[in-house]
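Counting convention: from 1, in listed order, for ligands and their atoms alike.
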Amino acid sequence: MKIIGIACSGLERSVSLKMIQAFLKGAAEAGCETELFVINQDLLGCTGCKGCKNKDSFCVRQDVLTQYFAKLPEADAVILGFGIYMGYPQGEAWTFMNRHYCLHKGFVGGACKIAPGKKLYCMVAQGAPDNPEYQAHCDALLKPFDGWGFDRQPVLVASGATAQEKIQEAYELGQKVCG
Ligand SMILES: Cc1cc2nc3c(=O)[nH]c(=O)nc-3n(C[C@H](O)[C@H](O)[C@H](O)COP(=O)(O)O)c2cc1C
């Protein structure tokens, strides 16, 4: 199996990054091929240029996601990690989601350019204990991935106090997914 990690935070102390790294470590040890993209430094937004609609290409913007979209068709799973800022997934996560607009042939609702069934795992870090409002906001972010054929898996949430435990859980999940 091939697994791609997408980290919205590149901070050394980032809990969501550590969760993704732990997942990928577990997955690699169990025999999966893994790759991590840390997207916060070099991420461009969708401009609605429709370059992806004029030809059968993915997004025409050249940035950290160019390699991601090149590898996505062969991937079996994507692990997305982000922090909660002001009660919502941080901005990079929304930009990452928006850029998948390029996966529709034609416009929203059009057929998808990638095969369905890729698993989408999500690693969320926040300061506060788990909160139904944050969960609803994460769900709003992740729902569009259903339309691109992703198979959403339960979201793993680390609050300040549970970070170590959740990093370990992410490691074990990676092992299990590839075991
Ligand atoms: C600008 C900003 C806003 C934040 N807002 C919230 C918030 O509304 N609720 C919360 O629980 N934590 C909030 N936090 C704390 C982060 O969610 C927490 O530090 C988390 O670990 C960040 O993810 P990371 O460690 O992967 O970078 C905020 C942090 C920052 C920097």
Worksheet entry | Residues forming a ring pair (Phe, Tyr, Trp, His ring centres under 6.0 Å) with Phe150, sequence neighbours excluded | Phe145
Item to complete: Could I get the full list of side-chain contact (heavy atoms from CB on, under 4.5 Å) partners for Ala170, not counting sequence neighbours?
Response: Met19, Ala22, Phe23, Met123, Leu156
Practice prompt. For ligand 1, would you mind listing the residues that have at least one heavy atom less than 4.0 Å away, ordered by chain and number?
Written response: Ser9, Ser14, Val15, Ser16, Gly83, Ile84, Tyr85, Met86, Gly87, Ala125, Gln126, Gly127, Ala128, Tyr134
Worksheet item: More than 12 heavy atoms of other residues, nucleotides or ligands under 6.0 Å from OH of Tyr88: is that the case?
Response: no
Worksheet item: Are Lys2 and Asp76 close enough for a salt bridge, meaning some N to O gap below 4.0 Å?
Response: no
Worksheet entry | Distance in Å, Leu65 CG paired with Ile6 CD1, rounded so as to fall on 0.5 Å steps | 6.0 Å
Response to the item:
Contacts satisfying disulfide bond (SG atoms under 2.5 Å apart) that involve residues 121-179 (not counting sequence neighbours) are Cys32-Cys178
